[in-house]
Amino acid sequence: MRRGRSSGFTLLELLVVVAIIAIVAAIAIMNYLSSLERARQKRTMADIRNIAVAWETANSESGSYLSAGLSFPAAITFERISTQLVPTYMQSIPRVDGWGRPLQFGAAGRVYAIRSSGRDGVYEADSYEQGSGENPDCDIVYANGNFVRWPEVLQGN
């Protein structure tokens, strides 16, 4: 009988390989989840911007953003804005944001706003200060041609 070293891997070598694979997988999953959130935010912002452009175009012809009191929750229903904008100004209007929650619309005379509750699904307030939020869960709000509120943390440059 021969008592030499047998071919194959030791238990320690297998554990090291499994640990390395687990570390690489954890990094890949974290990057994937971060990219997914960033994509949802960017999709929501693009959808809101597209609705706003269509709404502003309709306003240039009619002179009003569906006159209603500017307040949230939605002073203007999705059905009402959809009736005004589809199909003349937009092929179809997204009903929900990137996280699957409904967008809200408000308008008063020549002032309008569109908002999403963001990643956490909870609205921060009924009025907003201009600027980006450091909280990745902050609302996304577009009013009168500009984003008033958005989560800068996920935005990235």
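For the single chain, residues carry numbers from 1 onward in sequence order. Both backbone and side-chain heavy atoms feed into the values below; hydrogens, waters and symmetry mates do not. Bear in mind that the values here come from a model prediction, so they are computed numbers and not experimental data.
In terms of the side-chain hydrogen bond (donor to acceptor under 3.5 Å, both in side chains) criterion, T44 has no residue partners (sequence neighbours excluded). Residues passing the ring pair (Phe, Tyr, Trp, His ring centres under 6.0 Å) test with Y89, sequence neighbours excluded: none. Every residue was checked against the side chain to side chain contact (heavy atoms under 4.5 Å, CB included) condition with Q91, not counting sequence neighbours, and none meets it. In this structure, the side chain to side chain contact (heavy atoms under 4.5 Å, CB included) partners of L36, at least two apart in sequence or on a different chain, are Y32, R40. Remark: R101 pairs with no residue by the salt bridge (Lys or Arg N to Asp or Glu O under 4.0 Å) rule, at least two apart or across chains. A search for salt bridge (Lys or Arg N to Asp or Glu O under 4.0 Å) contacts involving D137 returns R119, not counting sequence neighbours. With sequence neighbours excluded, the residues that form a side chain to side chain contact (heavy atoms under 4.5 Å, CB included) with F9 are E13, L14. With sequence neighbours excluded, the residues that form a side chain to side chain contact (heavy atoms under 4.5 Å, CB included) with I27 are I23, N31. Partners of R149 under the side-chain hydrogen bond (donor to acceptor under 3.5 Å, both in side chains) rule, at least two apart in sequence or in another chain, do not exist in this structure. The salt bridge (Lys or Arg N to Asp or Glu O under 4.0 Å) test applied to R49 returns no partner, not counting sequence neighbours.
Connection of V86 to I48 is established within a shared hydrophobic cluster, with ILVMFWY side chains joined at heavy-atom distances below 4.5 Å, either directly or through further cluster members. There is no path of hydrophobic side-chain contacts, each under 4.5 Å, that joins L103 to V96.
Between Y142 and Y112, the ring planes lie tilted relative to each other; the angle falls in the 30° to 60° range.
In the hydrophobic clustering (ILVMFWY side chains linked at under 4.5 Å, chained through shared members), V18 stands by itself. Applying the under-4.5 Å side-chain rule to Ile, Leu, Val, Met, Phe, Trp and Tyr, the cluster around V53 consists of that residue alone.
A salt bridge links R95 with E79: at least one charged nitrogen is closer than 4.0 Å to a carboxylate oxygen.
To the nearest 0.5 Å, atom CG of residue D139 and atom CG of residue D120 are 7.0 Å apart.
The two residues I93 and M90 make their nearest non-hydrogen contact at CG1-SD, 3.9 Å. Considering all non-hydrogen atoms of both residues, T57 and S60 come closest at O-OG, 2.6 Å.
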Report task. Could you please spell out the steps behind the side-chain contact (heavy atoms from CB on, under 4.5 Å) verdict for W99 and S116? Result -> CA-CA 9 Å; W99 296 274; S116 162; 4.2 Å; yes
